[in-house]
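Every heavy atom of this structure was used, including side-chain atoms; hydrogens, water molecules and symmetry mates were not. Chain letters run A, B, ... following the sequence lines, proteins first, then strands; residues in each count from 1.
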Number of protein chains: 2
Amino acid sequence: MVRVHDIAGEGRRQTSQRALIYDLISKANGHIDADELYRKARKKQPRISLSTVYRNLQLFKEMRLVEEHGFSEAHRHYEVKPRAEHQHLLCQRCGKVLEFKNPLIDQMKKQVEEQHSFKVSSADVNLIGICSLCQKDEEARPE
Amino acid sequence: MVRVHDIAGEGRRQTSQRALIYDLISKANGHIDADELYRKARKKQPRISLSTVYRNLQLFKEMRLVEEHGFSEAHRHYEVKPRAEHQHLLCQRCGKVLEFKNPLIDQMKKQVEEQHSFKVSSADVNLIGICSLCQKDEEARPE
DNA sequence: TTGGTTGCAAAGCTTTTGCATATAT
DNA sequence: ATATATGCAAAAGCTTTGCAACCAA
């Protein structure tokens, strides 16, 4: 079984399902939802159950190894805790989720803390719009 | 029945349920979810159904009269389309949702459009943290 | 050995949908 | 008159939970 350094201790156990799920999230090039995770996991471990996926997702959230995003959909997406905070671009045409960073966000946090006496612990920023590929696509064949 | 100027035309009908729902959202001091809307609506119209609430919410969204927010919960919140774009502060202690505006957001949008060739149509910014009341509360009796 | 974990099935919650009835226009 | 809207109940997502069996430590 692949040893995932982060997962252990505190009365927690290292199981093959847990390691697999963590591995799949971290290899998921950004974001993945529970259902896709489940489908990918079954290819490696056909008997794994969806509840195991959800239970581990919950655990990873509590351990702060993984972040949960609501985006605008009916289901949630997960990503391994990024070393550096980043934000998301959501293409409203193809549904793709891209990442970006921008230093103005830190400035904004500071301003808000001062202006509203609100202690900011994290920022969740989603810019909704059209990605570059879809823009080209629309030029090529306008609808 | 209260006439809601925005709701009419395009084969749309003015019903007492529709007017009531719109009225409740706009009076909801910021944000309200479907269930609370339903409970408030029943006080005025005891026979109104939850599906009517959801169907009108959907309609208002399509008509761009109301905005839907996912925040971080399992259900969605709604607010009447604000004249000016604003963003949200989410208190992770008491759950309150506050509003704020910040000019850096427009700057950030421009930078992102240039740097990522992404055409931004709207920004959804949530700052998670502790509101001023809860900060005082924690000072008073630290846990 | 034993308490955390899993798989399965069932339940929960929010949101959506089918259909007959009611109603705005 | 007639197409839109409603109420009710049933269904449909996504997520959580109870429980017996399993297995990592």
Measuring to OP1 and OP2 of dT25(C), would you say a side-chain N or O of Gln14(B) lies under 4.0 angstrom away? no

Integer-rounded Å distance: dT23(C) P and Gln17(B) CD: 9 Å

State which of dT5(C), dG18(C), dT15(C) makes the closest approach to the side chain of Arg12(A). dT5(C)

Can you tell me if the side-chain N/O atoms of Arg18(A) get under 4.0 Å from OP1 or OP2 in dT5(C)? yes

Using only modelled atom types and a 3.5 angstrom limit, is any donor from either the side chain of Arg55(A) or the base of dG7(C) paired with an acceptor on the other? yes

Given the structure, check if the side chain of Thr15(A) and the base of dC23(D) hold any donor-acceptor pair shorter than 3.5 Å. no

So, for Val112(B) and Val120(B), which heavy atoms are closest and what is the spacing to 0.1 Å? CG1-CG2, 4.4 Å

Rounded to the Å, how far apart are Tyr54(B) OH and dA9(D) P? 18 Å

What is the distance, to the nearest angstrom, from the CG atom on Leu50(B) to the P atom on dA10(D)? 15 Å

Base, sugar-phosphate, or nothing for Asp35(A), non-hydrogen atoms under 4.0 angstrom? nothing

Arg13(B) side chain, from C-beta outward: closest of dT15(D), dT17(D), dT2(D): dT2(D)

Can you confirm whether Lys61(B) is buried at NZ, in the sense that more than 12 heavy atoms of other residues, nucleotides or ligands lie under 6.0 Å from that atom? yes

Separation of dA5(D) atom P from Leu59(B) atom CG, nearest Å, is 7 Å

Between Leu20(B) (CG) and dA5(D) (P), how many Å, whole number? 16 Å

Side chain to side chain, Ile105(A) and Met108(B), heavy atoms closer than 4.5 Å: yes

Stepwise, does the side-chain contact (heavy atoms from CB on, under 4.5 Å) test hold for Asp23(A) with Lys44(A)? CA-CA 12 Å; Asp23(A) 192 51; Lys44(A) 296 264 185 180; over 6 Å; no

Between Glu62(A) (CD) and dT5(C) (P), how many Å, whole number? 11 Å

Presence of Gln58(B) side-chain N/O under 4.0 Å of dT15(C) phosphate oxygens OP1/OP2: no

Looking at dG7(C), dT15(D), dG7(D), which one has an atom nearest to any side-chain atom of Thr52(A)? dG7(C)

Reference residue Arg76(A); test salt bridge (charged side-chain N to carboxylate O under 4.0 Å, His left out); the match among Glu68(A), Glu67(A), Glu36(A): Glu68(A)

Picking from dT17(C), dT6(C), dT15(D), which would you name as closest to the side chain of Asn56(A)? dT6(C)

Arg76(B) CZ to dG13(D) P, straight-line distance once rounded to whole Å: 13 Å

Enumerate the residues from residues 36-49 of chain A whose closest heavy atom to DNA chain C is under 4.0 Å, giving them by residue number; use none for an empty result. Arg47(A), Ile48(A), Ser49(A)

His69(A) and His31(A) aromatic ring geometry - parallel, tilted or perpendicular at 30°/60° bounds: perpendicular

Check whether more than 12 heavy atoms from other residues, nucleotides or ligands sit under 6.0 Å from atom NZ of Lys119(A), and answer yes or no. no

Heavy-atom side-chain contact between Glu99(A) and His88(A) under 4.5 Å: yes

Nearest-Å distance for atom pair NE2/C1', residues His69(B) and dT15(C): 18 Å

